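These figures come from a predicted structure and were not determined experimentally. Each chain gets a letter, A, B and so on, in the order the sequences are listed, and its residues count up from 1.
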There are 2 protein chains.
Amino acid sequence: MRPDDLPQIRELNIFEGISDENFDELMRASFLQTFPAQMELIEEGEPADFLHIVVEGCVELFASTNGRESTMAMVYPVSSFILAAILRDAVYLMSARTNKKSRVLMIPAVSVREVFDKDPAFSKAMVMELANCYRGVIKEHKNLKLRTSVERLANRLLRYRQKQQSDQVTLPYDKKILASNLGMTPENLSRAFNTLKPYGVKVEGNKITLTDIEALATFAKPSKLIDDLAI
Amino acid sequence: MRPDDLPQIRELNIFEGISDENFDELMRASFLQTFPAQMELIEEGEPADFLHIVVEGCVELFASTNGRESTMAMVYPVSSFILAAILRDAVYLMSARTNKKSRVLMIPAVSVREVFDKDPAFSKAMVMELANCYRGVIKEHKNLKLRTSVERLANRLLRYRQKQQSDQVTLPYDKKILASNLGMTPENLSRAFNTLKPYGVKVEGNKITLTDIEALATFAKPSKLIDDLAI
DNA sequence: CGATTCGTTGAAATAGATCAATCCTTGTGG
DNA sequence: CCACAAGGATTGATCTATTTCAACGAATCG
């Protein structure tokens with residue numbers, strides 16, 4: 001860990017309120033490392049050695065079984081991933097790879113658990129983060145079980161619009177990954193975009209222009225309890 | 001809360017190590033109530049007022065949107081549900097109804113958060129529970145994204161066999177709910193059972209006899225990282 | 001510039017949903 | 001105790017959504 005990185009790390013929400021002493025203990029054995037794109041950071045099934053926190057860039061969480069693979073989530077700064085495995089001292093349930101060049105803070109699992117047990121501010125922050133992640137997965141699960149693939153895409157576009165504050169949204173990563181994340185094949189995603197054309201969805205590469213929000217929303221029927229990340 | 005219930009409650013894993021004083025504080029405003037089957041306990045979208053803990057019976061968690069409904073999970077003793085909503089002081093993301101006659105301990109959200117902040121043993125237990133629930137949903141999500149419906153059924157049957165320690169398993173609830181839980185229609189579940197006949201799956205009402213475990217397992221390809229509840 | 005991967009499109013196959021009819025089980029009230 | 005109603009479960013027929021396979025154009029990268 002380079003000393004000049006420390007102040008920046010200290011500022012992260014996740015360390016708000018933690019004592020200097022405990023923060024130092026956490027940092028002593030930690031690494032802040034920059035990885036190129038497409039670097040596999042962890043593999044499912046392995047013991048959870050480090051808590052990973054994305055500081056910059058973007059990390060893809062994915063899972064495999066029996067030759068199939070699916071993107072489970074994309075992690076953006078500043079969020080941890082696989083916190084649950086660390087806390088329970090278990091194996092990872094998902095693999096992770098950088099999607100673009102990324103800076104990742106890696107804190108040894110033992111340190112996390114130690115400080116977790118003695119620093120209320122830190123444990124509180126971790127729990128809030130974990131609870132938030134939990135709710136995120138529940139929403140994703142509802143999304144998958146209660147909607148068709150075209151509906152999932154429509155709602156995703158509305159979400160991007162919300163986040164990017166523009167009617168022309170930019171897909172944040174490859175359509176291939178987006179498809180997998182939405183639980184469909186790339187071919188099917190392509191067709192889903194076509195299906196949405198009558199609702200004012202125009203595709204040019206990774207730029208999507210939404211010309212009829214009302215129609216799109218009527219079709220998508222977004223729900224606070226699935227699509228609102230804040231709730 | 002009836003005084004004679006207290007000792008039994010005190011024994012629950014979830015309260016292990018908590019101070020008497022804090023335990024009393026939790027119990028003071030709590031209810032231990034018996035509900036008949038098919039009673040709606042909570043509805044998604046409402047503020048999380050109480051932490052619910054299933055002490056006896058069985059509770060179904062389900063979600064709805066836009067006229068569709070899906071069973072998200074079945075909760076058995078002794079487990080809490082919607083802990084994350086309580087901790088984050090948010091609205092419920094799922095609804096809950098008793099599947100059979102059930103005893104449910106209901107602890108006011110404010111008390112939970114208060115004691116959570118001052119009793120390390122309690123907060124630790126809650127966090128472990130939450131982390132476990134999180135991993136449970138991840139496994140369910142992988143199950144849904146990486147497997148066909150017949151594979152999900154096959155693996156579910158193997159899981160029941162494991163839990164019930166018998167080659168003749170009893171489905172723990174209606175096939176209708178099982179179907180929804182597995183992400184399919186009742187008709188499709190019926191056909192999935194037929195598809196599994198060549199692998200030694202014989203259906204008689206809610207009793208399923210597995211006569212060729214090896215063949216079934218070869219077909220199902222169970223994975224520790226999806227099917228093992230303990231990991 | 002050539003190789004590779006991504007994205008799109010069409011055709012065909014499959015998985016899964018829906019609709020309808022029927023059977024079976026279960027619980028209720030006479 | 002029986003008759004009947006109601007809901008659960010199964011089956012067949014059909015329809016729809018989605019995947020797969022194959023081909024090809026477009027973008028990307030060394």
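dG16(C) atom P lies 9 Å from atom CD of Glu151(B), rounded to whole Å. The distance from atom CG of Asn206(B) to atom P of dT10(D) is 10 Å, rounded to the nearest whole Å. Rounded to whole angstrom, the span from the CD1 atom of Ile208(B) across to the C1' atom of dA9(D) amounts to 12 Å. Remark: P of dC6(C) and CZ of Phe193(A) are 16 Å apart, rounded to the nearest angstrom. Leu171(B) has its CG atom 9 Å from the P atom of dT10(D), to the nearest Å. Note: OH (Tyr173(A)) to P (dC6(C)) measures 16 Å, nearest angstrom. Separating the CG atom of Leu189(B) from the C1' atom of dG8(D) is a distance of 12 Å, rounded to the nearest angstrom. Rounded to whole angstrom, the span from the NZ atom of Lys176(A) across to the P atom of dT4(C) amounts to 15 Å.
Between the side chains of Ser95(A) and Glu43(A), no donor N or O sits under 3.5 Å from an acceptor N or O.
Remark: Arg156(B) does not engage Asp227(B) in a salt bridge, criterion side-chain N to carboxylate O under 4.0 Å. Contact check on Lys142(B) versus Glu44(A) returns a salt bridge, with a Lys/Arg side-chain nitrogen under 4.0 Å from an Asp/Glu carboxylate oxygen.
Partner Ile226(A) forms a side chain to side chain contact (heavy atoms under 4.5 Å, CB included) with one of Asn143(A), Ile231(A), Leu144(A) and no other, that one being Asn143(A).
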Query - Contact letters for nucleotides 14-30 of chain D, in which S counts primed atoms plus P, OP1 and OP2 and B counts the base, heavy atoms under 4.0 Å - result: ----SBBB---------
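Listed by chain and residue number, nothing satisfies the salt bridge (Lys or Arg N to Asp or Glu O under 4.0 Å) test with Glu11(B) (two or more places apart in sequence, or in another chain). Looking at residues two or more places apart in sequence or on another chain, you find a side-chain hydrogen bond (donor to acceptor under 3.5 Å, both in side chains) between His141(A) and His141(B). Applying the salt bridge (Lys or Arg N to Asp or Glu O under 4.0 Å) test to Glu69(A) and every residue at least two apart in sequence or in another chain returns Arg97(A). For Thr209(A), the side-chain contact (heavy atoms from CB on, under 4.5 Å) test picks out Gln168(A), Lys202(A), Glu204(A), Thr211(A), with sequence neighbours left out.
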Query - Intermediate values then yes/no, side-chain contact (heavy atoms from CB on, under 4.5 Å), Glu214(A) and Asp212(A) - result: CA-CA 5 Å; Glu214(A) 200 168 328; Asp212(A) 190 347; 3.9 Å; yes
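Side-chain proximity of Val203(A) to dG7(C), dT10(D), dT8(C): nearest is dT8(C).
Look at Lys175(A) and you won't find any side-chain N or O under 4.0 angstrom from OP1 or OP2 of dC6(C). Taking 4.0 angstrom as the limit, Asn194(A) places a side-chain polar atom (N or O) nearer than this to OP1 or OP2 of dT9(C).
End-to-end axis angle of the helix from dC1(C)-dG30(D) to dG30(C)-dC1(D), using five pairs per end and rounding to 10°, comes to 40°.
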